[in-house]
**Student:** 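The structure under discussion is supplied below as structure tokens; questions concerning it will follow.
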2 protein chains.
Amino acid sequence: MTNPPGSDPLAGAGRPTLRMLAERTGLHMSTVSRALRREPASDPTAELVHRAAAELGYRPDPLAASLRSGKTGAIGMVAHSLTDIAQAMIYEEVDHYVVERGYDVLVASTRDDPGAQRKRVELLLSRRVDGLLIGDAHRDGDYVDWVASLGVPYVLVMRGAEGHPSVTCDDELAGRMVADHLVECGHTRVALLAGPDWSAASHGRAVGFRTRLAELGAPLDDDLVESGGLHAATGRAAMERLLARRRDFTGAFCASDFVAFGATSALAAAGLRLGDDVALVGFNDLQAATSLDLTSVRSPQEEMGRVAAEMLMGAIEGVPAVSRTLAPQLIVRGSTGGPAASALAADVAGAGA
Amino acid sequence: MTNPPGSDPLAGAGRPTLRMLAERTGLHMSTVSRALRREPASDPTAELVHRAAAELGYRPDPLAASLRSGKTGAIGMVAHSLTDIAQAMIYEEVDHYVVERGYDVLVASTRDDPGAQRKRVELLLSRRVDGLLIGDAHRDGDYVDWVASLGVPYVLVMRGAEGHPSVTCDDELAGRMVADHLVECGHTRVALLAGPDWSAASHGRAVGFRTRLAELGAPLDDDLVESGGLHAATGRAAMERLLARRRDFTGAFCASDFVAFGATSALAAAGLRLGDDVALVGFNDLQAATSLDLTSVRSPQEEMGRVAAEMLMGAIEGVPAVSRTLAPQLIVRGSTGGPAASALAADVAGAGA
DNA sequence: GTGAAAGCGCTAACAT
DNA sequence: ATGTTAGCGCTTTCAC
């Protein structure tokens with residue numbers, strides 16, 4: 001297995017090692033190792049070594065380095081699912097940020113399954129990641145508390161949890177903004193198609209929405225609340241249940257754009273027109289929201305990813321992580337009577353080939 | 001760095017090692033190492049060792065094992081972007097398949113940038129992945145040929161390339177199916193909003209579409225072809241350019257659903273109604289397609305992911321990889337005059353909290 | 001600055 | 001089946 005002659009795509013010598021570099025330069029391995037980490041042009045030795053490395057096509061072996069040093073130069077990111085564009089956007093930004101700094105990201109997807117969450121974190125840990133980005137936190141702190149107890153630097157992203165460092169959107173504010181907007185548009189009886197309550201993000205949106213509605217004198221009727229998932233199918237089902245029960249609401253806040261898409265088809269099937277009969281607000285401002293002319297809240301995913309990565313790398317170097325909350329932005333479109341066919345949203349996600 | 005007393009969350013003894021297990025059981029390290037890989041109940045020694053391991057909370061160190069054995073138990077997946085739901089779905093399936101078999105996935109995103117492609121593959125290689133899944137192949141073979149030359153098992157997924165093992169959707173067939181459908185619906189002058197030609201997937205769709213139209217006696221007019229990206233913004237821009245030039249087409253095939261979403265807003269802005277004035281077909285059958293009532297081609301992403309992972313793991317064990325092509329499926333909806341508000345598509349992607 | 005020696009945790013020849 | 005002996009490629013003490 002160890003360089004059987006001829007099995008290596010490079011020359012017969014096999015993948016170049018530090019020792020080979022040492023022989024070639026007449027220096028000692030340790031000297032070479034150190035010189036390699038100085039700037040190429042900082043001194044004659046460094047330059048000599050760097051040139052030799054380039055000639056041999058030397059690539060350091062992070063495995064061996066990690067084994068000895070205890071640092072892997074990799075962080076782990078645990079996502080609930082990368083098919084959630086929000087998580088994918090966060091990942092992309094983290095990947096970009098971190099790779100530029102010589103780090104690497106190992107991802108894991110848990111589908112929000114508690115068993116998988118622990119298993120994947122353990123896997124990441126056994127690969128010795130230097131820190132963890134947790135994108136699948138649940139509000140009941142069990143999982144996150146356990147992560148904290150591991151003694152590894154960590155930062156929550158997108159979904160926060162009490163007492164843990166996190167980078168999130170101000171979901172409660174977002175909920176309030178939506179309430180303000182709907183009431184301003186004249187809707188006094190509105191519905192809520194909420195996401196799972198164990199997600200601090202969904203929870204926060206619902207709380208802000210409800211609180212602000214009460215403050216505005218248009219309190220949310222519990223009979224007009226449906227809760228469930230974040231998918232189009234659950235959104236459709238929720239809206240269907242709602243419509244079977246009541247038809248006297250004139251607006252609704254959906255936990256995500258996908259839910260809004262589902263709700264839209266339920267409305268259409270019931271002969272109700274989006275915007276005219278029922279005003280809808282989504283969440284995430286996906287590209288498709290533009291086509292449906294859907295009012296939506298844009299939460300700053302890229303920024304969350306960048307800030308979380310930055311914070312985690314700081315934590316790895318000993319800077320204590322302090323939670324941050326980023327501002328959401330309401331994008332008004334036709335589904336709440338805003339200007340129809342408004343300018344296209346920032347082109348963040350693409351797909352298909 | 002190596003277990004400074006008190007810095008470890010576990011007992012003062014530090015993370016348990018094979019040596020500690022050996023001392024505790026009175027066996028030799030190598031014996032323990034081997035016993036650990038036998039079934040727990042296969043013989044008395046194995047049982048003894050497994051129990052001791054459980055008591056100590058022993059977790060093998062893959063780093064050390066890899067360094068010695070040359071196998072990491074990890075595969076690398078290179079994606080062009082995980083914000084492409086198609087790639088995310090493939091990743092999710094790969095992750096699931098591979099983790100179940102004791103492997104791990106390291107992802108990398110290249111945004112289709114040639115520099116990043118090589119850099120990330122090299123990074124994955126320096127982490128010593130046992131094989132590569134390439135999701136960002138370009139039709140000009142440079143990159144892929146280079147990957148092949150590395151001597152590491154690899155499989156292309158979603159986008160194929162001549163002479164390389166791949167798992168793809170039959171994109172050409174998909175293009176033909178769309179042509180058949182549009183012509184059957186009575187459209188004889190149709191447009192094409194194509195994706196990038198360097199993607200074998202986009203290219204195949206375009207070729208199939210064009211070829212079949214010609215066979216049906218309704219050849220594609222070059223003046224009705226716009227090509228570009230796969231995003232909503234590019235789709236909108238493309239449709240706007242097209243409309244500025246011609247208004248005599250009655251149907252269009254879009255490279256992806258996102259493009260179709262963009263095209264839809266362009267149509268709306270021009271006062272044209274989807275389905276009535278212009279029939280549209282998308283690609284990927286995203287959830288949002290349902291809400292827009294968009295006819296779309298469903299390509300079997302999950303299956304692609306699973307088959308590709310399976311093929312790669314086979315290749316790692318020496319089974320030669322043989323390319324496979326999976327069948328697409330046309331989902332007819334209102335945008336081509338199909339039944340409006342049809343049943344909701346399979347609930348594959350969710351999002352937002 | 002550099003060289004020497006030790007060792008990270010594990011697996012893979014060898015013997016026995 | 002078990003013990004012995006090496007050693008993966010690198011970093012990190014320690015001396016000088």
Side-chain angles (χ1 to χ4, degrees), chain A residues 1-4 7-8 10 13-39 41-49 53 56-74 102 125-128 130, chain B residues 1-4 7-8 10 13-39 41-50 52-53 56-74 102 125-128 130:
Chain A
M1 208 76 266
T2 316
N3 299 324
S7 84
D8 198 309
L10 298 174
R15 174 173 173 156
T17 70
L18 258 198
R19 159 173 282 129
M20 294 160 85
L21 261 187
E23 274 163 17
R24 194 176 222 264
T25 54
L27 295 165
H28 192 86
M29 272 175 58
S30 55
T31 313
V32 173
S33 168
R34 282 179 295 235
L36 237 27
R37 276 173 303 189
R38 265 177 263 145
E39 284 306 292
S42 66
D43 60 287
T45 313
E47 197 180 324
L48 171 69
V49 171
L56 275 182
Y58 171 77
R59 317 220 18 116
D61 184 336
L63 252 56
S66 308
L67 183 59
R68 183 62 240 234
S69 68
K71 295 201 147 270
T72 48
L125 248 43
S126 75
R127 295 228 173 249
R128 297 268 183 98
D130 296 335
Chain B
M1 211 77 262
T2 316
N3 299 324
S7 85
D8 197 309
L10 297 175
R15 173 172 173 157
T17 70
L18 257 198
R19 160 173 281 129
M20 294 159 88
L21 261 187
E23 273 163 18
R24 193 177 223 263
T25 54
L27 295 165
H28 192 86
M29 274 177 56
S30 56
T31 314
V32 173
S33 170
R34 283 178 295 235
L36 237 27
R37 275 174 302 189
R38 264 178 263 146
E39 284 305 292
S42 66
D43 60 288
T45 312
E47 198 179 324
L48 169 69
V49 171
H50 273 95
L56 275 182
Y58 171 77
R59 318 226 11 122
D61 184 336
L63 250 56
S66 309
L67 182 58
R68 181 61 235 212
S69 68
K71 297 199 146 270
T72 48
L125 248 45
S126 75
R127 295 227 173 249
R128 297 271 182 95
D130 295 336

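Every chain is numbered from 1 and lettered A, B, ... according to where its sequence line falls, protein lines coming before strand lines. In what follows, every heavy atom counts, from backbone to side chain, and hydrogens, waters and symmetry copies are set aside.
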**Student:** Closest approach to the side chain of B/Ala64, judged atom by atom: which nucleotide of C/dG3, C/dC10, D/dC8 is it?
**Tutor:**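 Given the options C/dG3, C/dC10, D/dC8, the side chain of B/Ala64 is closest to C/dC10.
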**Student:** Can you figure out which of C/dT2, D/dC8, C/dG9 approaches the side chain of A/Thr45 most closely?
**Tutor:**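 In terms of side-chain proximity for A/Thr45, the closest of C/dT2, D/dC8, C/dG9 is C/dT2.
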**Student:** State, yes or no, whether a side-chain contact exists between A/Thr25 and A/Thr31 at a heavy-atom distance under 4.5 Å.
**Tutor:**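 SC-SC contact between A/Thr25 and A/Thr31 ruled out.
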**Student:** Grab the CG-C1' distance between A/Leu27 and D/dT11 for me, whole Å please.
**Tutor:**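 After rounding, the reported distance stands at 17 Å.
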**Student:** What is the distance, rounded to the nearest whole Å, between atom CZ of B/Arg15 and atom P of C/dG9?
**Tutor:**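 Going from B/Arg15 (CZ) to C/dG9 (P), I get 8 Å.
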**Student:** D/dT2 C1' sits how many Å from B/Leu36 CG, rounded?
**Tutor:**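 Taking atom C1' of D/dT2 as the reference, CG of B/Leu36 is at 15 Å.
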**Student:** Check the pair A/Leu36, A/Leu21 against side-chain contact (heavy atoms from CB on, under 4.5 Å), reporting the backbone distance first and the verdict last.
**Tutor:** CA-CA 10 Å; A/Leu36 237 27; A/Leu21 261 187; 4.2 Å; yes
**Student:** Got more than 12 heavy atoms from elsewhere within 6.0 Å of CZ, B/Arg38?
**Tutor:**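 Enclosed: over 12 neighbouring heavy atoms sit under 6.0 Å from CZ of B/Arg38.
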**Student:** Pick the closest DNA chain D nucleotide for A/Ser33 and for B/Gly26 by heavy atoms, then say which residue is nearer the 5' end.
**Tutor:**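 Comparing both residues, the 5'-ward one is B/Gly26.
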**Student:** So how far is it from A/Thr17 OG1 to A/Leu56 CG, rounded to the nearest 0.5 Å?
**Tutor:**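 Rounded to the nearest 0.5 Å, the OG1-CG separation comes out at 9.0 Å.
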**Student:** If you round to the nearest 0.5 Å, how far is CD of B/Glu47 from CD of B/Glu39?
**Tutor:**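 Separation between the atoms: 12.0 Å.
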**Student:** Shorter than 3.5 Å, N or O on both sides, protein versus nucleotides 5-7 of chain D: list them out with atom names.
**Tutor:**
unit_1 : atom_1 : unit_2  : atom_2 : d
D/dG7  : N2     : B/Arg68 : NH1    : 3.4
D/dG7  : N3     : B/Arg68 : NH1    : 2.9

**Student:** In whole Å, what is the span from the CG atom of B/Leu63 to the P atom of C/dT11?
**Tutor:**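 Going from CG in B/Leu63 over to P in C/dT11 covers 12 Å.
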**Student:** Could you state the interatomic distance from CE (A/Met29) to CD (A/Glu23), rounded to the nearest 0.5 Å?
**Tutor:**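 Between A/Met29 CE and A/Glu23 CD, I get 10.5 Å after rounding to 0.5 Å.
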**Student:** Just the atom pairs and distances: protein N or O near nucleotides 14-16 of chain C's N or O, under 3.5 Å.
**Tutor:**
none

**Student:** Picking from D/dT2, C/dT2, D/dC10, which would you name as closest to the side chain of A/Thr31?
**Tutor:**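 Side chain of A/Thr31 sits closest to C/dT2.
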**Student:** Could you please name the option among D/dC10, C/dT11, D/dT2 that lies closest to any side-chain atom of A/Leu18?
**Tutor:**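 Of all the options, the side chain of A/Leu18 is nearest to D/dC10.
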**Student:** Using whole Å, what does the distance between atom P of nucleotide C/dG9 and atom CE of B/Met20 come to?
**Tutor:**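 Going from B/Met20 (CE) to C/dG9 (P), I get 9 Å.
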**Student:** Kindly compute the distance separating CZ (A/Arg68) from CG (B/Leu67), expressed to the nearest 0.5 Å.
**Tutor:**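 Going from CZ on A/Arg68 over to CG on B/Leu67, the span is 12.5 Å.
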**Student:** What is the nucleic acid contact for B/Pro60, judged by heavy atoms within less than 4.0 Å: base, sugar-phosphate only, or nothing?
**Tutor:**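 Sugar-phosphate contact only - B/Pro60 comes under 4.0 Å of backbone atoms but never of a base.
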**Student:** Take A/Leu48 and A/Leu27, measure what side-chain contact (heavy atoms from CB on, under 4.5 Å) needs, and give me the verdict at the end.
**Tutor:** CA-CA 10 Å; A/Leu48 171 69; A/Leu27 295 165; 4.2 Å; yes
**Student:** Using a cut-off of strictly less than 4.0 Å, decide whether B/Arg38 has a side-chain nitrogen or oxygen near OP1 or OP2 of D/dT2.
**Tutor:**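 Yes, within the criterion.
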**Student:** How many angstroms lie between atom CE of B/Met20 and atom CZ of B/Arg15, to the nearest 0.5 angstrom?
**Tutor:**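 These two atoms lie 11.5 Å from each other.
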**Student:** Whole-Å distance between C/dC8 P and A/Asp61 CG?
**Tutor:**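 To the nearest whole Å, that distance equals 18 Å.
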**Student:** Rounded to whole angstrom units, what separation is found between the CZ atom of B/Arg19 and the P atom of C/dC10?
**Tutor:**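 Going from CZ in B/Arg19 over to P in C/dC10 covers 10 Å.
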**Student:** Please pick, from C/dG3, C/dT11, D/dT12, the nucleotide with the shortest atom-to-atom distance to any side-chain atom of A/Ser69.
**Tutor:**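 Closest nucleotide to the A/Ser69 side chain: D/dT12.
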**Student:** What nucleotide, of D/dT12, C/dG9, D/dC10, holds the atom closest to the side chain of A/Thr17?
**Tutor:**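 Selected nucleotide: D/dC10.
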**Student:** Tell me every residue that passes salt bridge (charged side-chain N to carboxylate O under 4.0 Å, His left out) with B/Asp61, counting only those two or more places apart in sequence or in another chain.
**Tutor:**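 Once residues adjacent in sequence are excluded, the partners of B/Asp61 under the salt bridge (charged side-chain N to carboxylate O under 4.0 Å, His left out) criterion are A/Arg128.
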**Student:** Rounded to whole Å, how long is the line connecting atom CG of A/Leu56 with atom P of D/dG9?
**Tutor:**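 That distance rounds to 14 Å.
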